[in-house]
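The structure under discussion appears below in the form of structure tokens.
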Amino acid sequence: MPIAPERLDVLTALARKVVWLSSWTIHHANHIRPNADGLKVGGHQASSASLATIMSALYFQVLRPQDRVAVKPHASPVFHAIQYLYGRQTREKLENFRGFKGAQSYPSRTKDTDDVDFSTGSVGLGVAQTLFSSLVQDYVKAHGWMQERPEGRMIALVGDAEMDEGNIFEALLEGWKHGLRNTWWVVDYNRQSLDAVVREGLWEKFESMFKNFGWDVVIVKYGQLMRQAFAEPGGEALQRWIDQCPNQMYAALCFQGGAAFRKHLQDEIGDQGAVSALIGRRSDEELLDLMSNLGGHDMASMVEAFEAIDHDRPVCFIAYTIKGVGLPFQGHKDNHAGLMTPAQMEKWRAAQNIRPGHEWEKFEGLPQDPAELEAFLAHAAFNRGGQRRLSAPTIEVPASLAFKPSPVMSTQQGFGLVLNELAREKSELAARIVTASPDVTVSTNLGAWVNRRGLFARAEKADLFRSEKIPSTFNWDFSPKGQHIELGIAEMNLFILMSALGLSHQINGERLLPIATLYDPFIERGLDALNYACYQHARFMVVATPSGITLAPEGGAHQSIATPLIGMAQDGLASFEPAFVDELAVIMGFGFEHMQREAGEGGSVYLRLSTRTIEQPQRIMTAELQRAITDGAYWLRKPGANCDIVIAYTGAVAPEAIEAVGLCGESHRDVGLLAVTSADRLHAGWTAARKLRRDRRGLPHLSHIEKLLAPLPRDCGIVTVIDGHPATLGWLGSVAGQRVEALGVEHFGQTGSIGDLYRHHGIDANAIIDAAESLTVGAPVLHRKMAV
Ligand SMILES: Cc1ncc(C[n+]2csc(CCOP(=O)(O)OP(=O)(O)O)c2C)c(N)n1
Ligand SMILES: [Mg+2]
């Protein structure tokens, strides 16, 4: 049903207001209250104008409370302007756009206050987030949760150049595999990127690609004015000319204006009677209005296109637009950072009947009665749901997680054992866990969990090997109740899925506890997506094995050096590298709680585990030890008052550290052994304590590591060792001023046995002893480990 003309008028007026407010926001930040560094706010005015009609159609007409949107980064002023009209954004924040605590340059769930659904910034990621959020919504529904809430559509507003990002294609393929539904991607086809005009015929590539993956494609190319003109005599020729006009030329003519269009049209098709008359009937201004009336700028066409969708298949809309439409630099290839001058702004302000000093008034200059517009907004479907950010109760986590102990095992095995125990029990915790892996489910030890909990799919699919009675260790039955999401190899997809699963409590009102397993080196492959997920405060657990050079025969390609430093530096991610399985069980329990804590306290969790089997300690896990493990370190061998050597280790090199302590002990009576379970938390605690002391001037708050190292004499030497970059622990010497020899791996690995490689990289027991000797003045260590 076509939209009522009065409603259309209101929507069109609101869209105009949105362009004004978004441009004024940027103008204000540049010319009225420029930021102190004199930095220009580029990259927004042109991009914002491009999407203003499309976004107004969505937010004022089409969206329902349950729908969720990822707005392309540079349209953030449009988003903020719309929220301002809805009363969800303040004038103060807009006036302070891009300033300290002002509205953000790119929509941010965590930093903006106007209820952003999905953050964007690194192009491509927000787009894929909508796809995975839709899969997560299916997951939640299929598990019988979210009964009260209708299914939402997950919508991305995508730049045409944004489509260059590879992660979008990776996501498309995954979406196809999982029977994606309820997802709309609206491509702002302005045929401009940041630097240039895009290639001819790009839309055809998009169209065939999306169709290939089972999407519907809706091309919104012509606005109403155009369609009416095409129906006039000569209209067909005009349409043919528009269709054939190269992108660069069309953009250049839009920039030059009506007279330039007229000249060009006349030169190329003007001798054909009817079309000449069609052009001749219009003034330069009317001709420019006609030629810039592409579908994406025509409210009626956009609303019609959106409202025509009466199914849940994924849809790609390709909406033709002009970058910077209606602004003096429209269509100019350099307009990405284009800003209107104060003189241009003044002219534009006057043309819109906006009185000086009334620029921020919501309905200033619009023909409609403000009360009528206020009522319109109050009744808009989008506005009916109230607060869009939902919440969910905390899932209880037992004080300790059980596992079946074994005297010799790896932390990776331990992880499988803990999950296996969880899989057997009927608890809310186990029900809310959802695992995912990029084709490394079995090799990261998730097999037992998957056997018990099954794979997720909306439709049942039995494991044929099982039904055919072919022996196999793994049952791969798919069902709507399954709790493992099997992904293809793309690690970007894994982390964006984590981002979607890990926001389920806020998006769907149903908490999930997602766990991702992958090979540690491939964290780097998905790092931007991991960072994105953390930036959005999504909550998940990353379990990475093998790590370091412990999977020695696989060589440098599968060995990770930098990940401990990534774990330390990544905001929103608490990283752990336990050596023993009892530590791991404590950390996992802590992790499930940490994932549920409020922003600022909790976060996601990264466990860097190993496939190296080592002897496990037989000990009682006291509350004090538990606490120390999650704080980041404990004395495995406590030093005495005369200690002159401490060996501090992390992770899989524990046996080397223990052996070195034993050998050192023959000539040094007092050697300490510090087990570091989390360099990240230890370091964070230390920096936080120092800051606290500085801020409060002398409050005697000591961090965990300061308390641990306090009894050591100043001239005690510390040798640190990790199967990863030595800088991870190298800072320990700064805590109390001891000298440090930091051992670790700095170069891509060879293949070989663990023994060969630990020797080669200098992290074996002998290297630790050599380092200890270089720090101490006491008697030399008499014995070394024999080469095997
Ligand atoms: C991963 C990443 N690389 C580069 C950028 C810088 N950047 C921001 S927008 C943009 C291109 C914009 O083109 P398009 O998506 O077509 O949007 P439009 O400017 O046309 O609105 C680029 C390269 C970014 N934000 N993220
Ligand atoms: Mg573009």
Side-chain angles (χ1 to χ4, degrees), residues 100-101 108-111 394 397 502 530-531 533-542 562-578 583 586-608 623-635 646 648-651 674-712 714 718 720 722 724-738 740 742:
F100 185 59
K101 303 215 164 164
S108 169
R109 274 186 71 75
T110 49
K111 301 288 181 227
T394 307
V397 182
L530 171 61
N531 179 58
C534 292
Y535 175 57
Q536 299 210 82
H537 288 178
R539 299 305 178 79
F540 51 91
M541 186 181 278
V542 177
T563 47
L565 294 177
I566 291 172
M568 286 180 85
Q570 181 60 56
D571 192 13
L573 191 69
S575 306
F576 295 87
E577 187 166 354
E583 297 168 354
V586 169
I587 291 166
M588 286 179 71
F590 167 86
F592 289 131
E593 273 180 355
H594 191 67
M595 285 155 68
Q596 303 188 64
R597 287 198 190 105
E598 292 295 310
E601 289 174 35
S604 288
V605 177
Y606 162 36
L607 309 181
R608 188 175 189 257
E624 191 193 354
L625 182 54
Q626 277 192 348
R627 175 83 207 234
I629 288 168
T630 55
D631 281 349
Y634 64 93
W635 287 113
V646 161
Y649 76 90
T650 282
L674 186 70
V676 178
T677 45
S678 171
D680 179 25
R681 288 189 43 93
L682 215 50
H683 187 268
W686 176 52
T687 47
R690 278 179 301 151
K691 183 165 186 313
L692 216 66
R693 290 200 294 267
R694 278 198 305 273
D695 292 352
R696 300 209 189 147
R697 288 184 189 272
L699 240 188
H701 176 87
L702 282 184
S703 64
H704 185 56
I705 188 65
E706 286 168 316
K707 286 183 207 155
L708 286 170
L709 300 188
L712 295 182
R714 180 70 185 260
I718 303 178
T720 68
I722 180 171
H725 198 276
T728 313
L729 295 174
W731 56 274
L732 280 176
S734 305
V735 175
Q738 282 93 5
V740 163

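Count residues from 1 along the sequence.
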Quick one: do Leu530 and Leu573 satisfy side-chain contact (heavy atoms from CB on, under 4.5 Å)? Show the steps, please.
-> CA-CA 9 Å; Leu530 171 61; Leu573 191 69; 4.2 Å; yes
Residue pair Tyr649, Thr720: steps toward the side-chain contact (heavy atoms from CB on, under 4.5 Å) verdict | CA-CA 6 Å; Tyr649 76 90; Thr720 68; over 6 Å; no
With side-chain contact (heavy atoms from CB on, under 4.5 Å) as the test, would you mind laying out the steps for Met541 and Met595 before giving the verdict?
-> CA-CA 8 Å; Met541 186 181 278; Met595 285 155 68; 4.0 Å; yes
Show the numbers, then the answer: is there a side-chain contact (heavy atoms from CB on, under 4.5 Å) between Glu583 and Leu625?
-> CA-CA 9 Å; Glu583 297 168 354; Leu625 182 54; over 6 Å; no
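Using a 4.5 Å heavy-atom threshold, the side chains of Phe576 and Thr650 count as separate. The shortest distance between side-chain heavy atoms of Phe540 and Cys534 falls below 4.5 Å. Between Asp631 and Leu682 the shortest side-chain heavy-atom distance does not fall below 4.5 Å. Side chains of Leu607 and Glu577 form no contact here, defined as non-hydrogen atoms less than 4.5 Å apart.
The aromatic rings of His683 and Trp686 sit perpendicular to each other, their planes meeting at more than 60°, with 30° as the lower class boundary.
Residues Arg681 and His594 come closest through the heavy atom pair NH1-CE1, 4.1 Å. Nearest heavy-atom pair across Gly730 and Ala742 is CA-CB, 3.9 Å. Here the shortest heavy-atom pairing between His701 and Ala689 reads CD2-CB, 3.5 Å. Contact detail for Leu729 and Ala648: the closest heavy-atom pair is CD1-O, 4.0 Å. The minimum heavy-atom distance linking Pro564 with Thr728 is given by the pair CB-OG1, 3.5 Å. For the pair Leu708 and Pro711, the tightest heavy-atom approach, listed with the atom from each and the gap, is O-CD, 3.3 Å.
Within a 6.0 Å sphere centred on CZ of Arg690, other residues, nucleotides and ligands contribute more than 12 heavy atoms.
Judged by distance alone, with hydrogens and angles left aside, the side-chain atoms of His537 form no donor-acceptor pair with the main-chain N or O of Gly603 at under 3.5 Å.
Pairs passing the salt bridge (Lys or Arg N to Asp or Glu O under 4.0 Å) check and including a residue from residues 596-606, sequence neighbours excluded, read Glu593-Arg597.
Judged purely by distance below 3.5 Å, without hydrogens or angles, the side chains of Thr563 and Arg608 pair a donor atom with an acceptor atom. Of the N and O atoms on the side chains of Thr677 and Tyr634, not one donor lies less than 3.5 Å from an acceptor on the other residue.
Within the model, atoms CD of Gln738 and CZ of Arg714 stand 7.0 Å from one another, a figure rounded to the nearest 0.5 Å. Taken to the nearest 0.5 Å, the CZ atom of Phe590 stands 8.5 Å off from the OG atom of Ser678. Rounding to the nearest 0.5 Å places CG of Leu732 at 7.0 Å from CG of Leu674.
Here Lys691 pairs with Asp695 under the salt bridge (Lys or Arg N to Asp or Glu O under 4.0 Å) rule; sequence neighbours left out.
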